[in-house]
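Before any comments, here is the structure.
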Amino acid sequence: MTHPRVTVFGGTGFLGRRLVERLAHAGSEVIVAARHAGEVAVPEDASGTVVFRRADVRNADDVAAALEGADAAVNAVSLYIERGGLTFEDIHVEAATRIARQTADADIRLVHVSGLGVDVDSDSAYVRARAAGENAVRQAHPDAVVIRPSVLFGPDDAFASSLRMLARLPVVPLFGHGDTRLQPVHVDDVAEGVARLLERGMTGATVELGGHGVHRYRELVQAALDAAGRHPPLVPVPFALWRALSTLLSILPNPPLTRDQVILLEKDNIVGEGAKTFATLGIEPKDLLRVLTQRR
Ligand SMILES: NC(=O)c1ccc[n+]([C@@H]2O[C@H](COP(=O)([O-])OP(=O)(O)OC[C@H]3O[C@@H](n4cnc5c(N)ncnc54)[C@H](OP(=O)(O)O)[C@@H]3O)[C@@H](O)[C@H]2O)c1
């Protein structure tokens, strides 16, 4: 197996950090590219190396410098909230296209991280931008692999932590009736998947990465409550109310819930039939329901 020299844009983020650790552990030379040097724990027994190169993906020279010497690149940059003049279009379409063009021109393999449920016709500007970004990346770099992870869970995550926080409430509000089917995926499984894609030299594919189980939102809430030994009533709340609440919350600097998240929760968010997935990569992913239950 070969260990490519890899630039990870967003290598200090929730997913990027795990990927950098996994790649360095196996022997890759990893270049972490982000605006701020974050903490990336290089495993003690790592046979590879990690270096940081400061880069803003909106800047073509920064992107070129970050790619210098790389065999492969991963775009794991995120933007979940538009603020400070920064738009979803800037990061998920324009910067994604910039990285795709520059990697294609330099004959560098690319894994572009998108998300499950992308849709050019979505009510959500975030989901539309992710769909447009995928299309632009495929055009600019036809050999790129696009991965679409489901919502991520893992240590210090946002999703499972929010489920556990619900256990403290006297009454738990559900999104609609809590019937939306989800397939949360462990961050380490996604990192392993991306590493295997790179190590096997896979090209030109779209891979959907969901966790082991498909669960209704209500089941996940119930599992978190059971684990905490609490049984407050579950109250259905219409999505129209959630949309209104998230619009109100958008004036906060760090809103606990965004309109885009509400819209994503209105539809099932699961791996499509016939999609390439973890099975293609020989990975058996973890199941959030089991993880929540084990904490009992
Ligand atoms: N988290 C989830 O549940 C989830 C689910 C599905 C898909 N995804 C996708 O997975 C990818 C990674 O998500 P994540 O949750 O790990 O993100 P994250 O924790 O928010 O990390 C984002 C990373 O991007 C970097 N970044 C942001 N703006 C940048 C810029 N202008 N130039 C260079 N670097 C920049 C950040 O570092 P600096 O701020 O220092 O630059 C950080 O390293 C994203 O594509 C996301 O949409 C995530």
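We count ligands from 1, going down the list as the structure has it; atoms in each ligand are counted the same way.
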Side-chain donor/acceptor of W242 to backbone N/O of L257, under 3.5 Å: no
Which segment of A55 sits under 4.0 Å of ligand 1 when only heavy atoms are counted: backbone
Using a heavy-atom cut-off of under 4.0 Å, does the side chain or the backbone of A95 touch ligand 1, or both, or neither? neither
Identify which of G117, G10, S78, A34 has a heavy atom lying nearest to atom 18 (P) of ligand 1. S78
Please state whether A158 comes within less than 4.0 angstrom of ligand 1, counting heavy atoms only. no
Just distances here: any N/O of V57 and N/O of ligand 1 closer than 3.5 Å? yes
Distance under 4.0 Å to a non-hydrogen atom of T12: what atoms of ligand 1 satisfy this? 37 (O), 42 (C), 43 (O)
What protein heavy atom lies closest to atom 28 (N) of ligand 1? Include the residue and the distance to one decimal. R35 NH2, 3.3 Å
Student check: side-chain heavy atoms of V207 and T280 closer than 4.5 Å: no
So between Y126, F159, F14, Y80, whose heavy atom ends up nearest atom 48 (C) of ligand 1? Y80
Testing K276, R138, R148 for side-chain hydrogen bond (donor to acceptor under 3.5 Å, both in side chains) with T206, which one passes? R138
If we number the atoms of ligand 1 from 1 as shown, the ones under 4.0 Å from a heavy atom of P149 are 6 (C), 7 (C)
Just let me know how I91 lines up against ligand 1, side chain, backbone, both or neither, with a heavy-atom cut-off below 4.0 Å. side chain
Using distance alone, decide if ligand 1 has a nitrogen or oxygen within less than 3.5 Å of any nitrogen or oxygen in A33. no
Heavy atom of the protein closest to atom 3 (O) of ligand 1 (residue, atom name, distance): L152 N, 2.9 Å
E219 side-chain N/O to R216 backbone N/O, donor-acceptor pair under 3.5 Å: yes
Within ligand 1, which atoms have a heavy atom of V113 less than 4.0 Å away? 9 (C), 10 (O), 11 (C), 45 (O)
I'd like to check L182 versus L265 (side-chain heavy atoms, cut-off strictly below 4.5 Å). Are they in contact? yes
Check contact between S114 and ligand 1, using heavy atoms of the residue and a distance below 4.0 angstrom. yes
Going by distance only, is there an N or O of V77 that falls short of 3.5 Å from an N or O of ligand 1? yes
May I ask which of H112, H92, H36, R54 has a heavy atom nearer to atom 38 (P) of ligand 1 than the others do? H36
Is it true that a side-chain atom of D62 and a backbone atom of N59 form a donor plus acceptor pair closer than 3.5 Å? no
Do Y217 and F175 have ring centres separated by under 6.0 Å? yes
Quick check on contacts: which atoms of ligand 1 are under 4.0 angstrom from a heavy atom of S150? 5 (C), 6 (C)
From CA spacing to verdict: salt bridge (Lys or Arg N to Asp or Glu O under 4.0 Å), E192, R196: CA-CA 6 Å; E192 181 65 28; R196 288 194 192 185; 2.9 Å; yes
CA sep, side-chain torsions, deciding dist, call: V127, D260, side-chain contact (heavy atoms from CB on, under 4.5 Å): CA-CA 7 Å; V127 175; D260 301 297; 5.6 Å; no
Applying salt bridge (Lys or Arg N to Asp or Glu O under 4.0 Å) to E266 and R243, what does each step give before you reach the verdict? CA-CA 10 Å; E266 288 177 8; R243 283 200 189 201; 2.9 Å; yes
Using every non-hydrogen atom in the two residues, find where A46 and A24 come nearest and quote the distance to one decimal. CB-O, 3.6 Å
Report the part of F153 (side chain from C-beta onward, or backbone N, CA, C, O) that has a heavy atom under 4.0 Å from ligand 1; answer both or neither where that applies. neither
Parallel, tilted or perpendicular, judged at 30° and 60°: which one describes the rings of Y126 and F88? perpendicular
Short question: side chain of Q183, backbone of V214 - any donor-acceptor pair under 3.5 Å? no
Got the closest protein heavy atom to atom 12 (C) of ligand 1, with its distance? A76 O, 3.4 Å
In the protein, which heavy atom is nearest to atom 21 (O) of ligand 1, and how far is it? G13 CA, 3.2 Å
Going by heavy-atom distance to atom 31 (N) of ligand 1, choose the closest among L15, V32, D56. D56
Where does R130 meet ligand 1, judged by heavy-atom distances below 4.0 Å: at the side chain, the backbone, both, or neither? side chain
